[in-house]
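Quick note: residue numbers are just sequence positions, from 1. These figures come from a predicted structure and were not determined experimentally.
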Amino acid sequence: MAERVEIGDPSTLTATALAGHLADGVLTAEAVTRACLERIEATEPDIQAWAHYDERLAIMQAKEADRRRAQGLPLGPLHGVPVGLKDIIDARGLPTHNGTPLDAGHRPLEDATVTQRLRNAGAIIVGKTVTSELAYFHPGATKNPHDPTRTPGGSSSGSAAAVAAGMVPFAVGTQTNGSVIRPASFCGVVGYKPSYGTVPRTGVLKAAPSLDHVGFFARSIDDITLAAAAMGPDDEDRDCDLNVGPLQPIAQSTPPVTPDIAMVHTPFSERLEPETRAGFAELVDVLGEHGTETELPELFGRGAGWLATIMASEMTRNLGHYLDRDASQISDAFKALMDQGQGIRAVDYLAARDMQPVLLEALEPLFERFDAIITPAAPGEAPADLTTTGDPIFCTLWTLCGLPAVTLPLLSGRNGMPVGVQLVGAYGQDAQLLRTARWLLAQCQPDGEET
């Protein structure tokens, strides 16, 4: 019989803690799911993180999870843990509206691969979180849980806000430029964008396939590894062929030697707010001899233009049909993107694509010397403007290169709002990056890494 322990409100626990209590029988999946639903009911009117959630369906899943445990059937690593999905990710039984009224009423018949992997791991799919229109810049209704006058970021706005507000312990988003790392920074949670090709995009809105990543939001690094470990290539996403190996054992281990970190000054550093600069100066002091300040080669200054070219071209090709269906229901920002994409020459698009491996190769000397790169996740705290999703520039280069990135809520801005510290790892070295992130958290938060 499970030992009775006092755990308080289940909605305040990390996914890792919940998974342990659920596996031990200290908590039931139904109790955890009801606690999260109560939290949603209490906070959703102010935050508006959800495009759709289904209390009945969530409770049905939870009861089935409890039945499996009662019958002694095999349990997955996420048994009974509630999760939110960005509303461009298909889940059977739930609508996928892609942040546009043009897809109102669309209900997919099959799960996206990432959804099916989460179900197989035992997760409870609570609902769909708000996305910016077609995963671009025009914001949805979501507000920042720390200050409802401020943006939560985008385009994975609802996923970041839902975790930050305690509605679910982790959520899934996507990133084509800065759509995981930036909202995680603004909302003060851990965000993780895996190496390109790690998590299949099958059943996810196809925006710019050369840049699209599936990523995760959670309260701790251990939560991130718990979710990411359930992923892996499928047979349908031909660009998803990277297997990063056993993620958890490495990510949760102690580094064999003290990590050396490159404190990278990007070509866009002039956009940093003074408080972010000051925070990074303090990090230099914390790292001491294990933090080395360095500049990126001049070539990287053109990276933002290359990403913009690729993104506009591919999104116009894949999503231009929305404009053809009913332009009156499409935002001016998205129309401008389509106009931009139509004007890009094939030779310029192909040249931008050619630069992706060139930039990746140019970073190899850094990763031969350092365990990770550290940069801001965003220029500063979330802007006090709900008509914007903020500046993604400090994510752009790493998305273009397809490198793994994780942001940690270690700094704060002039108004006390969270600001993330972004760590970037070598391609395919996701487990080592997450291990370094855990180590950095321990240096900055000696009492523990839960965030």
Side-chain angles (χ1 to χ4, degrees), residues 7-15 17-19 21-22 27-66 78-89 91-97 99 107 115 118-119 122-132 139-148 150-173 183-184 186-191 216-220 223 227 386 451:
I7 59 173
D9 181 358
S11 71
T12 66
L13 300 178
T14 65
L18 283 173
H21 290 316
L22 286 159
L27 285 171
T28 66
E30 183 176 355
V32 170
T33 302
R34 288 191 183 279
C36 287
L37 288 168
E38 288 173 5
R39 179 68 178 166
I40 292 172
E41 288 292 324
T43 56
E44 176 64 5
D46 294 327
I47 306 302
Q48 300 182 58
W50 298 87
H52 178 85
Y53 65 94
D54 191 320
E55 180 176 352
R56 182 188 62 84
L57 190 58
I59 295 299
M60 283 177 57
Q61 294 173 72
K63 287 182 175 180
E64 173 61 17
D66 289 335
L78 292 169
H79 166 75
V81 178
V83 59
L85 300 175
K86 183 177 181 177
D87 193 28
I88 66 168
I89 301 171
R92 67 177 186 273
L94 295 171
T96 300
H97 289 166
R107 285 182 178 265
T115 308
L118 291 169
R119 290 195 202 273
I124 308 299
I125 309 300
V126 173
K128 310 297 287 297
T129 54
V130 170
T131 175
S132 299
T142 308
K143 300 173 178 61
N144 195 305
H146 299 277
D147 180 347
R150 295 178 182 271
T151 178
S155 59
S156 307
S157 49
S159 292
V163 173
M167 298 175 178
V168 284
F170 81 93
V172 186
F186 288 166
C187 291
V189 298
V190 177
F216 305 94
F217 301 86
R219 296 171 183 161
S220 74
D223 288 4
L386 293 173
T451 57

Rounded distance (nearest 0.5 Å) linking atom [atom1] of [X] with atom [atom2] of [Y]:
X	Y	atom1	atom2	value
His97	Lys128	NE2	NZ	8.5 Å
Leu18	Leu27	CG	CG	6.5 Å
Phe217	Thr129	CZ	OG1	8.0 Å
Arg92	Leu57	CZ	CG	9.0 Å
Asn144	Leu386	CG	CG	9.0 Å
Thr96	Ile88	OG1	CD1	9.5 Å

Candidates Leu22, Ile124, Leu13 - the one meeting side-chain contact (heavy atoms from CB on, under 4.5 Å) with Val81: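 Answer to the side-chain contact (heavy atoms from CB on, under 4.5 Å) test with Val81 among Leu22, Ile124, Leu13: Leu22.
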Identified side-chain contact (heavy atoms from CB on, under 4.5 Å) counterpart of Thr115 within the set Val172, Val83, Leu94, Ile89: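 Testing Thr115 for a side-chain contact (heavy atoms from CB on, under 4.5 Å) against Val172, Val83, Leu94, Ile89 leaves exactly one candidate, Ile89.
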Ser159 side chain to Lys86 side chain, donor-acceptor N/O pair below 3.5 angstrom: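 No, Lys86 and Ser159 have no side-chain donor paired with an acceptor closer than 3.5 Å.
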Using every non-hydrogen atom in the two residues, find where [X] and [Y] come nearest and quote the distance to one decimal.
X	Y	value
Pro82	Val126	CB-CG2, 3.6 Å
Arg39	Gly166	CG-O, 3.2 Å
Ala91	Arg119	CB-NH2, 4.0 Å
Pro183	Gly154	CD-O, 3.6 Å
Ile47	Ala161	CG2-CB, 3.9 Å
Ala123	Gln61	O-OE1, 4.2 Å

Would you tabulate the side-chain donor-acceptor contacts of residues 31-38 under 3.5 Å, counting partners in other chains and residues two or more places apart, or write 'none'?
residue, atom, partner, partner atom, Å
Thr33, OG1, Ala29, O, 2.8
Arg34, NE, Glu30, OE2, 3.0
Arg34, NH2, Glu30, OE2, 3.0

Residue pairs fulfilling side-chain hydrogen bond (donor to acceptor under 3.5 Å, both in side chains) with at least one residue in residues 161-173, sequence neighbours excluded: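 Non-adjacent pairs meeting side-chain hydrogen bond (donor to acceptor under 3.5 Å, both in side chains): zero.
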side-chain hydrogen bond (donor to acceptor under 3.5 Å, both in side chains): pairs with one or both residues in residues 46-58, sequence neighbours excluded: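 Qualifying pairs, neighbours excluded: Glu41-Tyr53.
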Cys187 and Pro152, any side-chain heavy atoms less than 4.5 Å apart: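 Contact flag for Pro152/Cys187 side chains = yes.
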